[in-house]
Number of protein chains: 2
Amino acid sequence: MELKNQEDQYLSSVKNALRILKSFTMDEPEKKVSDISTSLGLNKSTVSRTMATLASEGFVHKDPETKKYSLGLSLLSLSSIVNSNTDVYRESYPVLNRLVENLGETAHISVIDKLEVIYLQKVECNHPVRFLTHVGRRNPPHCTSSGKVLLAYADEELVNAVLEQGLEKYTKNTITDPIKLLANLKEIKKNGYSTSFEELNEGVNSIAAPVYDYRGKVIAALSVVGPKQRIQSHKVQGFAKKIIAAAKEVSDRMGYRG
Amino acid sequence: MELKNQEDQYLSSVKNALRILKSFTMDEPEKKVSDISTSLGLNKSTVSRTMATLASEGFVHKDPETKKYSLGLSLLSLSSIVNSNTDVYRESYPVLNRLVENLGETAHISVIDKLEVIYLQKVECNHPVRFLTHVGRRNPPHCTSSGKVLLAYADEELVNAVLEQGLEKYTKNTITDPIKLLANLKEIKKNGYSTSFEELNEGVNSIAAPVYDYRGKVIAALSVVGPKQRIQSHKVQGFAKKIIAAAKEVSDRMGYRG
DNA sequence: ATACTTGTTGCATATAGAGCAACACGAGCG
DNA sequence: CGCTCGTGTTGCTCTATATGCAACAAGTAT
């Protein structure tokens, strides 16, 4: 008998519901039944009934006036549980706090999930903020300091998968040549930290260092982000030293011995 | 024909999946298939297949070593979208920042959802923190300053529903007598702010004020929380004045004219 | 006023999903 | 070390569910 199709073993109506949830984005946080039906290729009665079920458990909320759906507070509740169980989340918090006070810039902890960088933890500086990042946000790995440091220490197959999905150009500084990216990753591993100079957003620079677990595996990145006026090229060495030290401290608290 | 059972119109396999997700708690962030099967009354093969489907979309994660499931990062991503669409979340942020700098204590924005208080926004002070609250956390409304201020301005039917679900005692200061709570709510409405003196957690005090939307409806609470050594009874008037002013400012930014 | 779009819901039908049983694997115990 | 028990997976069967169609209601646009 032929090998079973992987998709055949999943519950299709549950899949529908999850795909509907994931269709909401920052750019489109409110959606109509008909829009979802069109974009996901599902019958409008299917979408309507699935939405009613999601709403009954608080996963979406229907605006009674506009009839549009948005994501519901049950997701917020569950997300607060996601992190509570993550060692790096808890152990990094005091370290990020001190780093932010020390450097005066916003700091994050992030990991790679499904070929993207996702921010688990954020401690903000006192400067007026522009919501460039936030916990839960996903970003491409090839043009963020977090992403590049995680790729530098990652398995070759993860790196290859990222290269295969393409290196999208976000600014004039984005590295889109695979050969140049691989060279950059090698340099990052040598330096022990990575940088991104306006590679994802104009005017925004960041520096990141690897966080190790007790087995010596790189499991997260600790990064600092700010405007290029405050994170200038000539300051990078001093910032990097402190960021590496902070990442080392988080690693130590994770049971790393190196 | 008899009136249709409300539950009959929901998709049962989607309901199962959502109930499984909601079964995870802070106290039990990791669960086994058999535990979920027992606690939710579902067949273990049903739970197993539902979990596999949830995992395929990143809503849960299976630890390959322990075989235990925990909530996945897709929930974190989606939760970051939940708030981006909330006016009070965006408008309150700079106000909370200034208040925290001014008072030196942690501040929140919260709302009532399904008879519970849920924290939408949190700005932390520089004191060592104990993770008493976090965004997404739910708390009972009858013994938190946020909850009490929201109840004070709420419809009678919401207040009655809260009374009907019972007033659980958390500390020796928790108000468990409905008559006393209603009297307290009346006083809160008169004063324009509420307090909680160790009513939910020992040693923790908080003060909250109502946030209005453009129609003059109370849609959120702005609160400040800290240890009783720093938020003492004799300081409440001074703190309350600043908290009311901050809540007023958020209300103004929401289009409130009052 | 009419036409169109959207969302809901009754109904029919096909199949998906639930549950059973068997199996594989690992843990615990004697 | 062998046996027992618990856990999780998966093949299979059967029925109840979920999907889609069509009709309808309501709102919007012309």
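So that the names make sense, note that chain A is the first sequence line, chain B the second, and so on, each numbered from 1. Side-chain atoms are counted along with the backbone in the values below, which use heavy atoms only and exclude waters and symmetry mates.
We find that CG of B:Leu11 is positioned 13 Å from P of C:dT9, with the value rounded to whole Å. Atom P of nucleotide D:dT7 and atom CE of B:Met51 are separated by 15 Å, given to the nearest angstrom. Counting to the nearest Å, the P atom of D:dT19 and the NZ atom of A:Lys15 are 15 Å from each other. The CG-C1' distance, from B:Leu54 to C:dG17, rounds to 15 Å in whole Å. One can place CD of A:Glu65 at 18 Å from P of D:dA26, the figure rounded to the nearest angstrom. Atom-to-atom, CD of A:Gln9 to C1' of C:dT15 comes out at 18 Å; the value is rounded to the nearest Å. One atom, NZ of B:Lys68, and another, C1' of D:dG8, lie 15 Å apart when rounded to the nearest Å.
Among all heavy-atom pairs drawn from B:Lys15 and B:Tyr10, the shortest one is CE-CD1, 3.7 Å. Annotation for B:Ala152 and B:Lys189: closest pair O-CD, 3.4 Å, computed over non-hydrogen atoms.
Taking A:Arg19 as the reference, nothing meets the side chain to side chain donor-acceptor pair (under 3.5 Å) condition, with sequence neighbours excluded.
Counting heavy atoms from C-beta outward, B:His108 and B:Arg137 have side chains that stay 4.5 Å or more apart. Between B:Val135 and B:Tyr89, every side-chain heavy-atom pair lies at or beyond the 4.5 Å cut-off.
Residue A:Lys31 is the one, among A:Ser13 and A:Lys31, whose nearest nucleotide of DNA chain C lies closer to the 5' end (criterion: closest heavy atom).
Not one side-chain nitrogen or oxygen of B:Asn16 sits closer than 4.0 Å to the OP1 or OP2 atom of C:dG17. Of the side-chain N and O atoms in B:Lys62, one or more sit less than 4.0 angstrom from OP1 or OP2 of D:dT9. Residue A:Lys32 places at least one side-chain N or O closer than 4.0 Å to OP1 or OP2 of C:dT6. For C:dA18, neither phosphate oxygen OP1 nor OP2 lies less than 4.0 angstrom from any side-chain nitrogen or oxygen of B:Ser12.
Of the residues in residues 35-49 of chain B, those lying under 4.0 Å from DNA chain C by heavy-atom distance are B:Asn43, B:Ser45, B:Thr46, B:Arg49.
In this model, a donor atom of one side chain and an acceptor atom of the other lie less than 3.5 Å apart for A:Ser45 and A:Asn43.
Contact check on B:Lys68 versus B:Asp35 returns no salt bridge, with no Lys/Arg side-chain nitrogen under 4.0 Å from an Asp/Glu carboxylate oxygen.
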